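In this text, all values refer to a predicted model and were calculated from it rather than measured experimentally.
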Amino acid sequence: MKFARFTALSTAAAAALAIGFSTTSFAQMAGMQARAEKTVQVGGAPMYPSKNIVQNAVNSRDHTTLVAAVKAAGLVDTLQSAGPFTVFAPTNRAFDKLPKGTVQTLLKPENKKMLTNVLTYHVVAGRLSANDLIQAAKRDGGQTRLKTVEGEELTVAANGNALSVWDSKGGRSNITIRNVFQSNGVIHVVDSVLLPG
């Protein structure tokens, strides 16, 4: 009887140790992957260069509004495609700066086209790093124009190493986190929503 109890306890202890080792090894593996891939932390989560824009964005707690908007607009497949894309990604706080009720209105099914226009206005074809943007702005006298997937232009201005983005209505957004590289492009986090004309 004592032997049976000892065997049961030993089995339970072994199982607990195995679970502990599994958990540790998963954590270690995630840490090693993050270090190997030179991740950038966005919204409390590492952004992996081996993952696409959507796979990374869904893990950022600062971009839940943007992710919900991308889903509502039916742009998930587009932003998971090969691209490459440069995305100026507004945070939840950026969306909160819009007039009260704007986000709720944009998320309504009948406003899908308008929402799509706003979101694709934040996307430029190609993989443009912060250095690419700075160099282009310097060549053009301090600012450069970029044609968006929506069709209108954004203006990127460089002041030293600081980058800001201007929309067609004169609204300004600052790039707060740059060079978040993805398998299909790059994200630059911005602090205001950009609006097409």
Side-chain angles (χ1 to χ4, degrees), residues 40-45 47-48 51-130 132-133 143-157 163-197:
V40 176
Q41 288 280 325
V42 177
M47 302 287 112
Y48 294 96
K51 295 183 179 181
N52 67 47
I53 290 165
V54 174
Q55 288 171 329
N56 276 318
V58 296
N59 294 316
S60 169
R61 64 172 175 256
D62 290 343
H63 289 89
T64 54
T65 303
L66 178 61
V67 169
V70 166
K71 289 178 180 176
L75 292 173
V76 171
D77 288 345
T78 301
L79 291 176
Q80 289 190 127
S81 68
F85 304 106
T86 297
V87 178
F88 298 100
T91 60
N92 295 341
R93 286 186 179 181
F95 280 100
D96 290 343
K97 290 181 185 179
L98 295 172
K100 190 174 180 179
T102 301
V103 174
Q104 290 75 13
T105 300
L106 285 171
L107 291 174
K108 290 180 179 177
E110 61 267 28
N111 295 323
K112 184 176 178 179
K113 181 168 175 43
M114 190 187 309
L115 176 62
T116 301
N117 287 344
V118 170
L119 294 175
T120 55
Y121 190 57
H122 290 77
V123 182
V124 175
R127 186 192 304 257
L128 300 172
S129 69
D132 293 332
L133 297 173
Q143 56 183 243
T144 189
R145 292 181 179 275
L146 303 174
K147 186 170 183 180
T148 68
V149 171
E150 183 267 344
E152 295 182 56
E153 291 183 332
L154 291 170
T155 300
V156 176
L163 285 164
S164 55
V165 188
W166 297 79
D167 64 27
S168 60
K169 294 185 173 183
R172 174 183 173 172
S173 187
N174 299 304
I175 294 179
T176 57
I177 302 176
R178 58 180 69 190
N179 295 339
V180 187
F181 292 107
Q182 323 282 307
S183 63
N184 61 341
V186 59
I187 287 175
H188 302 293
V189 177
V190 293
D191 63 2
S192 296
V193 176
L194 301 158
L195 298 172

A.B. asks: When you measure from the side chain of D167 to the backbone N and O of L194, does any donor-acceptor pair fall under 3.5 Å?
C.D. replies: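 Such a contact is absent between D167 side chain and L194 backbone.
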
A.B. asks: Can you find a pair of side-chain heavy atoms, one from I187 and one from V40, that are under 4.5 Å apart?
C.D. replies: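 A side-chain contact is absent here, since even the closest heavy-atom pair is not under 4.5 Å.
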
A.B. asks: Measure across G185 and P84 and return the closest heavy-atom pair with its distance rounded to 0.1 Å.
C.D. replies: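 Minimum heavy-atom contact is CA-CB, 4.1 Å.
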
A.B. asks: Looking only at atom types and distance, does a side-chain atom of R127 sit under 3.5 Å from a main-chain N or O of Q182, one as donor and one as acceptor?
C.D. replies: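 At least one qualifying donor-acceptor pair exists.
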
A.B. asks: Mind listing the closest non-hydrogen atom pair of N59 and A45 along with its distance?
C.D. replies: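 For N59 and A45, the tightest heavy-atom pair comes out as O-CB, 3.3 Å.
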
A.B. asks: Taking only residues two or more places apart in sequence, or in another chain, which ones meet H188 in a ring-ring contact (aromatic ring centres under 6.0 Å, His included)?
C.D. replies: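 ring-ring contact (aromatic ring centres under 6.0 Å, His included) list for H188, sorted by chain: F88.
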
A.B. asks: Of all heavy-atom pairs between P196 and K169, which one has the smallest distance, and what is that distance?
C.D. replies: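 Distance-wise, the nearest heavy atoms are O-CE, 3.1 Å.
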
A.B. asks: According to side chain to side chain donor-acceptor pair (under 3.5 Å), does anything in residues 79-91 pair up with another residue at least two apart or in another chain? List the pairs.
C.D. replies: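 Qualifying pairs, neighbours excluded: none.
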
A.B. asks: Out of the candidates D191, V193, L195, V189, only one should pair with S173 under the side chain to side chain contact (heavy atoms under 4.5 Å, CB included) rule; please name it.
C.D. replies: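 Result: among D191, V193, L195, V189, D191 is the only option passing the side chain to side chain contact (heavy atoms under 4.5 Å, CB included) with S173.
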
A.B. asks: Measure from the side-chain N and O atoms of N184 to the backbone N and O of G83, and report whether any donor-acceptor pair falls under 3.5 Å.
C.D. replies: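 Answer holds: no.
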
A.B. asks: Once salt bridge (Lys or Arg N to Asp or Glu O under 4.0 Å) is applied, do any residues pair with R93, and if so which ones, sequence neighbours excluded?
C.D. replies: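 For R93, no residue satisfies salt bridge (Lys or Arg N to Asp or Glu O under 4.0 Å) once neighbours in sequence are set aside.
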
A.B. asks: For residues 62-72, pull every pair meeting side chain to side chain donor-acceptor pair (under 3.5 Å), keeping only residues two or more places apart or in separate chains.
C.D. replies: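 For residues 62-72, and leaving out neighbouring residues, the side chain to side chain donor-acceptor pair (under 3.5 Å) pairs sorted by first residue read S60-H63, T64-N92, T65-N92.
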
A.B. asks: Between A157 and Q143, what is the shortest heavy-atom contact and its length?
C.D. replies: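 Smallest heavy-atom distance, with atoms named: CA-CB, 4.0 Å.
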
A.B. asks: Within the structure provided, determine whether V156 and L163 are in side-chain contact (heavy-atom separation under 4.5 Å).
C.D. replies: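 V156 reaches L163 side chain to side chain.
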
A.B. asks: Find out whether L119 and L66 are in side-chain contact, i.e. whether some heavy atom of one side chain is under 4.5 Å from a heavy atom of the other.
C.D. replies: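 Sidechains of L66 and L119: in contact.
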
A.B. asks: Quick check: do N56 and V180 have side-chain heavy atoms less than 4.5 Å from each other?
C.D. replies: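 N56 vs V180: side chains apart.
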
A.B. asks: Do any pairs count as a side chain to side chain donor-acceptor pair (under 3.5 Å) and have a residue in residues 109-120, sequence neighbours left out, and if so which ones?
C.D. replies: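 Output for this query is empty, none listed.
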
A.B. asks: For the residue pair L146 and L133, establish whether any side-chain heavy-atom pair is separated by less than 4.5 Å.
C.D. replies: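 The answer is yes; the side chains approach within 4.5 Å.
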
A.B. asks: Any donor and acceptor pair, going by atom type alone, linking the side chain of E152 with main-chain N or O of G197 inside 3.5 Å?
C.D. replies: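 Confirmed, E152 side chain pairs with G197 backbone.
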
A.B. asks: Kindly state each residue pair satisfying ring-ring contact (aromatic ring centres under 6.0 Å, His included) with at least one member in residues 106-129, sequence neighbours excluded.
C.D. replies: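 For residues 106-129, and leaving out neighbouring residues, there are no ring-ring contact (aromatic ring centres under 6.0 Å, His included) pairs at all.
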
A.B. asks: Walk me through whether L79 and N52 qualify under side-chain contact (heavy atoms from CB on, under 4.5 Å).
C.D. replies: CA-CA 8 Å; L79 291 176; N52 67 47; over 6 Å; no

A.B. asks: Are the side chains of S183 and Y48 in touch, meaning some heavy atoms are under 4.5 Å apart?
C.D. replies: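 No - every pair of side-chain heavy atoms lies 4.5 Å or more apart.
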
